[in-house]
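Let me begin by presenting the structure, written as structure tokens, before commenting on it.
Atoms within a ligand are numbered from 1 in the order they appear, just like the ligands themselves. Just so it is clear, the values below take in all heavy atoms, side chains as well, and ignore hydrogens, waters and symmetry mates. Each residue takes its place number in the sequence, starting with 1.
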Amino acid sequence: MTHFNAIDSWYGAIAAPISLSTTFERAEDGTYPRGYEYARDDNPNRRALEVALAELEGGEDAAAFASGSAAAMTLFQVLRPGDEAIVSDDCYFGVREMLNHFFVPWGLGVRFVDTSDTQQLEAAAGPNTRLIFLETPSNPQLRISDIRGAARIAQRCGAVLAVDNTAATPILQRPLDLGADVVIHSTTKYISGHHDAMGGALVTRTREGLWSAIRRAQKLCGCIPSPFASWLTARALPSLAHRVRYQSESALKIAQELSRHPSVERVLHPWLPAHPGCDVARAQMSAGGALFSILVKGDANRAMGVAAHVKVFTRATSFGGPESLIEHRASIEAPGTKTPPNLLRLAIGLEETQLLIDDLDRALKATE
Ligand SMILES: *Cc1c(COP(=O)(O)O)cnc(C)c1O
């Protein structure tokens, strides 16, 4: 992005103002000459965010939502009963729960497939497949799905290809350039970047077909972000590339260090040569990202014990902010999760790398 905020034409403010008005004045002839009518339909802060997100992902337009979950819901909402969606089986657990509790009972056919295996994806795709929904890297096992391969399969069966790009961000991966039709984000994570604003977005490659259905659902169903949340999220965009690159470099150093640690069974980080998705990751991402997981040697108790002993990391869910977070993932996910019990998910923040390495080393040793 070459520039971030338009200068406010009224006062010349450099920082964008927050426009709280829910309604906008109509002219004598009944038109809306300034382009805004009612804030659920559109408002200046949300629009500024949407334009910036579309530019970052290389799409024609974007729709912002109250959360990443609301963005995902909207994508499934524009499908019809009897349609079929193929979804990565290691996708964000909230999306899996949403599908099982709401969309399957409403008549959407959902198949959870290991999309990191393109052959499995190909075998699952059929004439009723309307949507292929990849999460890559996936959360929390960091599986990598081949976006170009999935795009070919989607095209063959006339389905829409959606990619959840929350973990990679458009700084490290641009799915629309690789053949996806729509990108989904939880902007709650890296995009807003400070653990202080919930949000989500759908960015589409074109303004045809799917786009108008998404915009209609955004307007009519109303899962929109507030002007303040939109403003906070847009405010974090100028630093996005710098934050993500630093966090990603730091994460790789920590992952390399941990992969030599005697108390660590495995490190799930897509940039490590031992990762099964490493080649595909390197072909479609510019770096491995700042979210990764480790399997500690031992059971769930040992993993919990490691999390209990950290001092620099914070024990909390989510990722993408300045503070590094550590999470025992299986215990927060729904019952029946396939997440290994000894898995700890690490979200690397903006602290100095060595502080984080020392913190983990100390916590691992304390549980030996
Ligand atoms: C957090 C997350 C979501 C859900 O987003 P919310 O903003 O928490 O509703 C969806 N997908 C991925 C990959 C996520 O990490």
Side-chain angles (χ1 to χ4, degrees), residues 46 49 53 57 62-77 85 87-103 110 112 115-116 131-145 147 162-173 175 180 182-203 218 221-226 229-230 232-233 236 244 247 251 268 270 285 288-293 316-321 325-327 329 332-334 337-339 343 345-349:
R46 194 176 87 208
L49 173 63
L53 290 176
E57 286 289 1
F65 295 90
S67 65
S69 303
M73 179 183 75
T74 302
L75 190 57
F76 298 123
Q77 245 174 357
V87 180
S88 296
D89 63 354
D90 186 47
C91 74
Y92 178 71
F93 81 105
V95 168
R96 197 166 56 223
E97 289 282 284
M98 177 198 301
L99 287 164
N100 287 335
H101 287 285
F102 294 98
F103 287 95
V110 179
F112 293 102
T115 55
S116 69
L131 173 70
I132 297 175
F133 186 106
L134 305 182
E135 185 177 307
T136 181
S138 71
N139 180 0
Q141 302 205 54
L142 285 300
R143 295 217 182 107
I144 300 294
S145 299
I147 299 173
V163 175
D164 187 329
N165 205 27
T166 301
T169 81
I171 305 305
L172 305 183
Q173 173 171 275
V182 55
V183 166
I184 169 165
H185 276 287
S186 166
T187 61
T188 312
K189 315 294 167 53
Y190 292 104
I191 289 184
S192 73
H194 294 76
H195 295 144
D196 59 10
M198 297 288 303
L202 295 172
V203 186
Q218 185 197 31
C221 303
C223 291
I224 52 161
S226 69
S230 303
L232 276 173
T233 305
V244 167
Q247 289 171 326
L268 309 177
M285 299 173 75
L291 182 75
F292 69 99
S293 296
T317 194
S318 200
F319 55 92
L325 307 179
I326 187 166
E327 180 175 46
R329 195 68 197 161
I332 197 181
E333 294 186 345
T337 174
K338 290 186 186 144
T339 298
L343 181 145
R345 194 181 75 178
L346 304 177
I348 305 307

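- Side-chain contact between T337 and F93 is absent, with no heavy-atom pair separated by less than 4.5 Å.
- The shortest separation from a heavy atom of G199 to ligand 1 is under 4.0 Å, placing the residue in contact.
- Protein heavy atom at the shortest distance from atom 4 (C) of ligand 1 is Y92 CE2, 3.4 Å.
- Expressed to the nearest 0.5 Å, how far CD of E135 lies from CG of D89 amounts to 10.5 Å.
- Of the candidates A66, P137, S69, the one placing a heavy atom closest to atom 9 (O) of ligand 1 is S69.
- Summarising the geometry, atom OH belonging to Y92 is positioned 5.0 Å from atom NZ belonging to K189; distances are rounded to the nearest 0.5 Å.
- In terms of polar-atom proximity, defined here as any N/O pair under 3.5 Å, F319 makes no such contact with ligand 1.
- In this structure, OG on S138 lies 7.5 Å from CD1 on I144, to the nearest 0.5 angstrom.
- Of all the atoms in ligand 1, the ones that sit under 4.0 Å from a non-hydrogen atom of G68 are 5 (O), 6 (P), 7 (O), 9 (O).
- Among M73, M198, E135, K189, the residue whose heavy atom lies closest to atom 1 (C) of ligand 1 is K189.
- Going from atom CD of Q173 over to atom CD of E57 covers 8.5 Å, rounded to the nearest 0.5 Å.
- The shortest N or O to N or O distance between T188 and ligand 1 is under 3.5 Å.
- The backbone N or O of S186 sits less than 3.5 Å from a side-chain atom of T166, completing a donor-acceptor pair.
- Within ligand 1, counting atoms from 1 as listed, the ones closer than 4.0 Å to a heavy atom of D164 are 10 (C), 11 (N), 12 (C), 13 (C).
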